Every structure is written in C-alpha cells, then in structure tokens.
Amino acid sequence: MIDKMRKLKVTRENVILNLSETPRERNGDWTGLYAHVVGDKIYYRLDSPSCISYAIKNPESGLYEKPPQNAVLSNSLAVQNFRVFKDTNPNTASDSRYKAIGGYHTGRGHAALRGCGISQGAPIHDVRSPCWPLEERWVFGDQFHHPYHANGFYIFKSADGINWELFHNKPVLSNLTKCEESILGSDNMPSIFYDENIEEYVVYLRCNVKLGVRHVFYTKSKDLITWDTPKLIKKSPDFDFTNENLYYMGAYPVPSSKKYISFTHHFRNEILSADGSNRRYFDKKTLVMTSENGVDWNVAGSLFSQDSQEVKESRASGDMQSLRTHLGPPHVVSFEEEGEEYILYVMEGLKSPNTNLVKYALPKEQFKDMEL
C-alpha cells in the first residue's frame with residue numbers, strides 16, 4: 001500500500017513560452033489562463049480584447065514561436081475555457097481532426113454582450129448558482145445558437161488547429177443540463193478526449209456544489225453532441241463536502257496503458273463573509289490521481305503544494321501576488337508521455353508580471369507500484 005499523499009518529485013526543465021513579453025500580455029489580467037499544448041501548438045488566452053491565440057513549434061529550433069495575426073478565436077465567450085484536443089477516433093473526418101470545447105453560460109447583463117440584438121431578445125431562465133447563492137442569476141436558454149457562445153458549451157472543429165468553425169450549432173452542455181447532483185459550471189478548464197478504451201468521447205467539467213465547494217462531473221458521448229447525464233467522479237480518500245475544491249480535473253488517458261491519470265488543481269477555502277467575497281485559501285496543491293475506468297479515482301500523491309520547492313522559489317522571486325490567489329501557485333495544464341518520463345506543462349505566475357508555460361519531467365518509476 002502506498003502513501004496516498006506522498007509528494008512526487010518533478011524536475012523543472014525549461015520555459016517553453018513566455019507570456020509576459022508584450023505590453024498586451026503584461027496588462028492582461030488572465031493572459032495565459034488554461035494555456036495548453038496540443039501537438040506542435042500551444043493555445044493561450046490574451047486579454048484587451050479577449051481572444052485565443054496560438055504559438056507553433058519551429059521544427060528546426062524546437063522553440064515555440066508566436067506568429068503575427070495568430071488569433072484563432074475572438075468575439076466569443078468561449079475564450080474563457082477553449083480547450084483543444086486531437087480527435088483520435090478512427091472515423092473522424094479529415095476536416096475535423098482537431099476538436100475543441102468552449103463556451104460560457106450567462107445572460108443579458110454580461111458586459112461583452114452589449115449591443116447584441118440576439119441577446120436582448122433571447123429567452124432567459126432563473127438559474128441560481130449554488131456557489132453564489134445570494135446572487136440572482138438569469139441565463140439564456142440552450143436551445144438556440146448564440147453568436148458569442150454565451151449559452152453553454154459548444155463543440156468546434158478544425159482541419160489544421162488554426163482555422164476553426166462550429167461542429168454543432170447549439171450548445172451540447174449547459175447550466176440547464178440535467179445532472180445527477182447540483183449544476184454544471186462553465187468557468188473552468190475542461191478535460192476532453194476520445195477514450196479509445198470505451199470508443200466514446202469523455203469530458204470532465206465543474207460541478208458547483210455550494211458556496212466554497214466545487215467538484216468534478218464526468219460524462220461521455222458517442223458523437224460529441226448527445227451526452228450522458230453528468231455524474232460526480234468518485235475520489236479516494238473521500239471528497240470533503242465541507243470546504244474542498246477540485247477546481248478543474250486535468251484528466252488524461254495514459255498512452256502506454258489502459259489507465260488514466262489526472263493532475264487536479266486542489267485547494268480548500270474558509271468562507272469569511274456571507275456572500276463568499278471574503279475567504280481564506282489554503283491546502284493549495286496539485287493532486288495526482290489514477291484510475292482504471294475514468295470515474296473512480298485514487299490519490300497517488302501531490303505536486304506544487306504550498307511548501308514545495310517550486311512555490312518557495314516563487315516566493316523568493318518576489319512573486320507574492322500570484323501566490324495569494326487560488327490559481328496562483330504552479331498548476332499543470334497539459335500532459336504527455338515521453339520515454340521513461342511523463343512530461344507536464346505547468347503554468348507559473350498566472351496574474352503576475354512573470355507568466356510562463358514551463359516544461360517539467362515526472363519520472364515514471366514513481367508510479368511503478370500502480371502499474372501505469
């Protein structure tokens with residue numbers, strides 16, 4: 001039996017993308033949010049105005065470069081959580097080998113929708129978020145196409161990962177989706193892939209449980225349009241519904257096995273005001289979990305905990321502002337397998353003047369007793 005909360009050892013290798021190079025990058029509150037690596041491309045968010053941009057790997061130098069005019073998605077609230085994956089389904093058409101999920105569920109009051117005629121006339125529903133129980137919340141219906149993707153999660157497709165269009169013209173999941181518990185949240189980083197073990201697509205999304213508590217929903221689909229009823233993953237040790245948060249799942253299939261691994265951004269919070277605006281974050285770390293079926297997960301260890309060397313180095317560099325937020329400490333945004341190592345792509349310094357996407361190596365030998 002292994003120590004379920006052992007601290008795994010990683011090696012910091014190098015910065016692969018500097019997201020603090022330009023005035024626009026340095027001024028954006030959420031520059032780099034949920035940046036991720038897909039093949040030879042890195043997708044990342046920019047602000048002022050918001051868009052999803054990409055960098056591409058130079059095959060000669062091995063460095064990632066930001067082409068001019070490199071925005072792939074703009075004028076869309078899907079910028080909040082746009083997540084790309086390569087579709088390994090053998091039946092996928094050649095014009096849609098890249099897929100993505102993204103979208104936000106809101107209502108007419110959102111600042112980005114001012115002047116949008118469709119928003120002014122669209123039907124709305126009273127859906128109060130359990131995470132913000134004192135806030136009145138009206139959201140759009142999910143049975144129509146919203147030009148800003150403001151009424152739930154949409155699926156996008158692309159032949160090259162650069163030029164995108166909708167795969168389906170309506171949201172496939174939303175705050176109005178019937179779930180086994182609570183409601184689906186859209187302000188998070190989805191985990192989505194074609195699961196070759198079951199020959200279906202799977203996605204992990206946020207479950208908003210209550211003020212100060214967030215969990216993870218799992219659902220699957222044969223066609224990316226019709227999804228099963230989302231249900232909570234199971235975690236061992238058990239999830240604490242008092243103050244625990246799995247902010248996003250970060251789940252991936254392990255290429256060399258039939259199993260799954262996750263790098264789940266975790267924290268707890270103490271609510272200090274009735275509306276939740278004042279709270280204390282603690283126990284911030286990345287949970288590393290493994291699973292045999294994608295639903296039942298065992299905690300194998302942790303990375304980037306508050307007292308880890310990586311966080312100590314951030315403190316030493318004076319980057320205290322980012323560490324105060326729940327997404328401030330280093331957190332994993334992409335995963336690959338490379339020889340005898342797992343490669344982790346880690347966001348460092350989010351919401352700080354020194355924001356970078358960094359490559360780390362995690363030796364496989366630390367998982368040998370789990371037969372990954």
Side-chain angles (χ1 to χ4, degrees), residues 4 8 10 34-38 43 81-89 99-102 153 155 172-173 179-180 184-207 214-221 224 227-239 244-267 285-304 327 330-337 342-347 360 362 364 367 370-372:
K4 290 185 177 181
L8 301 169
V10 290
Y34 304 141
H36 54 289
V37 180
V38 184
Y43 298 91
N81 48 27
F82 194 69
R83 184 75 180 184
V84 179
F85 70 103
K86 275 193 173 180
D87 190 347
T88 57
N89 184 340
K99 297 286 199 324
I101 188 170
F153 285 101
I155 301 295
V172 298
L173 293 159
C179 302
E180 284 192 354
L184 196 68
S186 56
D187 57 338
N188 71 121
M189 183 181 82
S191 297
I192 185 169
F193 52 87
Y194 179 72
D195 189 343
E196 296 177 9
N197 296 335
I198 61 174
E199 297 182 339
E200 292 191 60
Y201 299 94
V202 301
V203 66
Y204 297 84
L205 297 166
R206 174 174 298 159
C207 172
R214 301 170 180 88
H215 208 310
V216 174
F217 275 132
Y218 166 94
T219 181
K220 54 189 175 67
S221 169
L224 285 169
W227 294 82
D228 291 350
T229 300
K231 61 182 180 181
L232 291 179
I233 63 163
K234 293 181 173 62
K235 169 182 166 288
S236 178
D238 290 343
F239 182 82
E244 191 169 10
N245 287 261
L246 304 180
Y247 200 68
Y248 62 77
M249 186 62 181
Y252 308 89
V254 179
S256 58
S257 80
K258 296 284 189 181
K259 299 185 180 181
Y260 309 86
I261 192 167
S262 83
F263 301 90
T264 305
H265 188 64
H266 173 281
F267 62 87
K285 57 178 173 273
T286 294
L287 290 184
V288 182
M289 301 192 290
T290 61
S291 175
E292 295 189 355
N293 60 14
V295 178
D296 302 285
W297 292 84
N298 296 308
V299 175
S302 66
L303 295 167
F304 308 122
L327 276 173
H331 52 279
V332 180
V333 289
S334 286
F335 160 84
E336 293 176 354
E337 187 177 50
Y342 294 132
I343 301 301
L344 311 181
Y345 296 99
V346 176
M347 178 59 64
Y360 281 77
L362 175 65
K364 286 184 182 179
F367 296 87
M370 288 169 277
E371 299 181 352
L372 273 178

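Everything quoted here is computed from the prediction, not taken from an experiment. The basis for the numbers below is simple: all heavy atoms, side chains too, and nothing from hydrogens, waters or symmetry mates. We number each residue from 1, following the sequence as shown.
- Side chain of Asn81 to main chain of Pro190: no donor-acceptor pair is present (N/O by atom type, distance under 3.5 Å, no hydrogens or angles).
- When the options Tyr360, Phe267, Phe263 are evaluated for a ring-ring contact (aromatic ring centres under 6.0 Å, His included) with Phe304, the one that passes is Tyr360.
- Side-chain atoms of Lys231 and Val295, non-hydrogen and from C-beta on, do get closer than 4.5 Å to each other.
- Here the side chains of Val203 and Trp227 are in contact, with some heavy-atom distance below 4.5 Å.
- Dense packing is recorded around NZ of Lys364, with more than 12 heavy atoms of other residues, nucleotides or ligands lying under 6.0 Å away.
- The closest donor-acceptor contact from the side chain of Asn245 to the backbone of Tyr247 lies at 3.5 Å or more, if one exists at all.
- Side-chain contact between Leu246 and His266 is present, with heavy atoms from C-beta onward closer than 4.5 Å.
- A donor-acceptor pair is defined here as one N or O able to donate and one able to accept, closer than 3.5 Å; no such pair exists between the side chain of His331 and the backbone of Thr286.
- Figure legend: Arg206 and Tyr248 shown without cation-pi pairing, the cationic atom not lying both under 6.0 angstrom from the six-membered ring centre and within 45 degrees of its axis.
- Taking the ring centroids of Phe193 and Tyr252, they lie at or beyond the 6.0 Å cut-off.
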Worked check of side chain to side chain contact (heavy atoms under 4.5 Å, CB included) between Ile233 and His215 | CA-CA 8 Å; Ile233 63 163; His215 208 310; 3.7 Å; yes
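- Counting only heavy atoms from C-beta outward, the side chains of Phe335 and Leu344 approach each other to under 4.5 Å.
- Here the side chain of Ser236 pairs no donor or acceptor atom with the backbone of Asn298 at under 3.5 angstrom.
- Considering every non-hydrogen atom in both Gly294 and Tyr204, the closest pair reads O-OH, 2.6 Å.
- When the shell of 6.0 Å around CD of Glu180 is examined, it contains more than 12 heavy atoms from other residues, nucleotides or ligands.
- Two residues are said to be in side-chain contact when any heavy atoms from C-beta on lie closer than 4.5 Å; Glu200 and Asp195 fail this criterion.
- Between Glu336 and Tyr345 the shortest side-chain heavy-atom distance falls below 4.5 Å.
- Proximity of Lys259 to Asn197: side-chain heavy atoms (C-beta onward) are nowhere separated by under 4.5 Å.
- Annotation: Glu337, atom CD; neighbour count of heavy atoms from other residues, nucleotides and ligands within 6.0 Å is above 12.
- Listed for the Thr264 side chain is no donor-acceptor partner under 3.5 Å among the backbone atoms of Gly250.
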